[in-house]
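As the structure lists them, so they are numbered: ligands from 1, and atoms in each ligand from 1. All values below come from the heavy atoms of this structure, side chains included, with hydrogens, waters and symmetry mates left out. Nothing here was measured: the structure is a model prediction, and the numbers come from that model.
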Amino acid sequence: MSGSVLPLFVSGVVSRGFGRGSKELGCPTANYSQEVVKNLPSDLDTGIYCGWASVDFGPVHKMVMSVGWNPFYNGKEKTMEIHILHEFPEQFYGAHMRIQVSHIDMSIGFIGGGKMAQALASGFISAGVTKGSKIVSSCAPEDTLSAESFKSLGARVTHDNCDVIKSTDVTIMAVKPNIIPIVLKDIKSTITQKNLLISVAMGVTIKNIEKELPAASRVIRVMPNTPALVRQGASVYAPGLATTPQDWDTTEQLFKSVGTIYRVDEYLFDPVTALSGSGPAYIYAVIEAMADGGVRMGLPRDLALQLAAQTVVGAGTMVTTTMTHPATLRDNVTSPAGSTSEGLFTLEESSVRAAFIRAVEKATRRCQEVNKGLDKH
Ligand SMILES: NC(=O)C1=CN([C@@H]2O[C@H](COP(=O)(O)OP(=O)(O)OC[C@H]3O[C@@H](n4cnc5c(N)ncnc54)[C@H](O)[C@@H]3O)[C@@H](O)[C@H]2O)C=CC1
Ligand SMILES: O=C(O)[C@@H]1CCC=N1
């Protein structure tokens, strides 16, 4: 994530770009050669940055920079395109340009300031994507706990959902599914095409949201999970009809800063919600139960909990980093006639695997029920 590599200093020779900055977009850009782009730290995400630039050791000017693949132009090469906020009398290809790159802190709104919103807000701040003072959150007036949590992050709290929409470019709608119709009614006459609305509500389809808002409203559906708080979240997204590649990029950058994000077809959202949205709760139950087993066998409670939690972290990391099938990793732990084999047999006798499979199935059905209920509105 970019936060760790900023501020970043880059210098090199200005090369000829595609020539479309001035002509087509009315925004001239100075581009670095591919050698410079290839030497960028791998942690520097694609996106828009701001900073300072100096050409041929001349005066320092403000600049904005786009780093990316230019999806609109089907770009094949990553580019760094720098627009310097100064009128130069002539082109300066071949000149030496030095830049200092910083973040543009994103202003992010949350409609609903509960558990999921708090996890995302804290994660975004610690990832360096934004700062508390750039966040605005709304919650129910009686929900003083959520209000206090957001205030402690340095955010502004309001009870007016339209205020959130007006104050921010990206707004995350994180209220319970049954509150979504109320919120959409609230913001309908305020939201414009300037706003990107991201819904994280379970069981609420993009279509259900779009139909309550003005035509061409930019809506993206995301299913995150609460480990976003420690930047270990797992999210998926699906874009609405009026969104642009820039919106997809913004969403990916945001949620990548707090874990992983995959784009999926929307019909997969219910099983995703049941697996990774709800999943942390299942795993907390596993950690607690394993620790209880340790305590039963004489371990101190704190040690048992630490060992159980770290075992889950370690096993998960083994799967994601070695890309080895869990069955092989499990075999590597299981010695003939050893302790693991006894433990696993006992889990099989209790149909633990079937219980997890059924849990994901039942949770998926619940998302479908909620969706059917909202469809009737
Ligand atoms: N908690 C989780 O692990 C996850 C939750 N989600 C989704 O996130 C959404 C929120 O869930 P939680 O944060 O768990 O719920 P929560 O109950 O902790 O938070 C709901 C928030 O909505 C606020 N609220 C209620 N009425 C409102 C209104 N009219 N206008 C503005 N705000 C209002 C409440 O004050 C509260 O801050 C749900 O749709 C859920 O499906 C998605 C993934 C994971
Ligand atoms: O339990 C719920 O409904 C939400 C959705 C996924 C996690 N929490």
Side-chain angles (χ1 to χ4, degrees), residues 109-123 135-153 155-168 171-188 190-191 197-206 208-209 212 219-230 232-238 251 254-255 258-261 264 268-285 359-360 362-371 373-374:
F110 289 90
I111 294 184
K115 296 288 175 291
M116 194 61 243
Q118 288 165 32
L120 288 172
S122 301
I135 294 179
V136 182
S137 169
S138 63
C139 57
E142 65 277 12
D143 184 7
T144 50
L145 273 180
S146 294
E148 285 312 314
S149 297
F150 267 89
K151 280 182 193 159
S152 73
L153 296 175
R156 181 163 75 77
V157 175
T158 172
H159 300 308
D160 175 2
N161 293 329
C162 295
D163 180 7
V164 181
I165 292 286
K166 279 188 238 160
S167 316
T168 55
T171 305
I172 298 178
M173 192 164 53
V175 293
K176 295 288 185 200
N178 62 316
I179 306 293
I180 293 277
I182 300 171
V183 167
L184 294 176
K185 218 169 171 190
D186 281 352
I187 64 174
K188 190 181 179 139
T190 305
I191 196 165
L197 184 68
I198 297 178
S199 167
V200 299
M202 78 84 132
V204 185
T205 61
I206 295 172
N208 268 334
I209 297 170
E212 300 302 329
V219 177
I220 290 195
R221 185 174 174 195
V222 173
M223 181 42 60
N225 65 10
T226 48
L229 178 77
V230 290
Q232 291 294 336
S235 308
V236 301
Y237 81 100
T251 305
L254 261 179
F255 286 85
V258 291
T260 58
I261 177 139
V264 299
L268 294 174
F269 260 68
D270 292 342
V272 165
T273 305
L275 175 61
S276 54
S278 303
Y282 314 153
I283 300 303
Y284 300 136
V360 175
K362 286 275 186 191
T364 305
R365 303 268 174 260
R366 180 66 194 135
C367 296
Q368 292 163 345
E369 277 168 24
V370 167
N371 181 242
L374 289 170

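- No donor-acceptor pair closer than 3.5 Å links the side chain of Arg366 to the backbone N or O of Gly203.
- Without hydrogens or angle criteria, Asp270 side chain to Thr364 main chain gives no donor-acceptor distance under 3.5 Å.
- Here Arg156 contributes atom CZ and Thr168 contributes atom OG1; the two are 9.0 Å apart, rounded to the nearest 0.5 Å.
- Between Pro177 and Met202 the shortest heavy-atom distance is CG-O, 3.3 Å.
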Output, or 'none' if empty, a list of ligand 1-protein atom pairs in which both atoms are N or O and the distance is under 3.5 Å, rounded to 0.1 Å.
| residue | atom | partner | partner atom | Å |
| --- | --- | --- | --- | --- |
| ligand 1 | 13 (O) | Lys115 | N | 3.1 |
| ligand 1 | 13 (O) | Met116 | N | 2.8 |
| ligand 1 | 14 (O) | Lys176 | NZ | 3.4 |
| ligand 1 | 15 (O) | Lys176 | NZ | 3.2 |
| ligand 1 | 18 (O) | Lys115 | N | 2.9 |
| ligand 1 | 30 (N) | Asn161 | ND2 | 3.1 |
| ligand 1 | 35 (O) | Ala140 | N | 2.9 |
| ligand 1 | 35 (O) | Asp143 | OD2 | 2.6 |
| ligand 1 | 37 (O) | Gly113 | N | 3.0 |
| ligand 1 | 37 (O) | Gly114 | N | 3.1 |
| ligand 1 | 37 (O) | Asp143 | OD2 | 2.7 |
| ligand 1 | 37 (O) | Ser146 | OG | 3.2 |
| ligand 1 | 39 (O) | Val175 | O | 2.6 |
| ligand 1 | 41 (O) | Met202 | N | 3.1 |

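- If you look at ligand 2, the protein residues with a non-hydrogen atom under 4.0 Å away are Met202, Thr273, Gly277, Ser278.
- A donor-acceptor distance shorter than 3.5 angstrom exists from the side chain of Gln118 to the backbone of Gly113, with no hydrogens or angles considered.
- Going from atom NZ of Lys188 over to atom CD of Glu212 covers 6.0 Å, rounded to the nearest 0.5 Å.
- In this structure, Ser138 contributes its side chain and Asn161 its backbone to no donor-acceptor pair below 3.5 Å.
- Note that CD1 of Ile135 and OG of Ser167 are 13.0 Å apart. Values are rounded to the nearest 0.5 Å.
- Residues Val164 and Thr158 share a closest heavy-atom pair of CG2-CG2, 3.7 Å.
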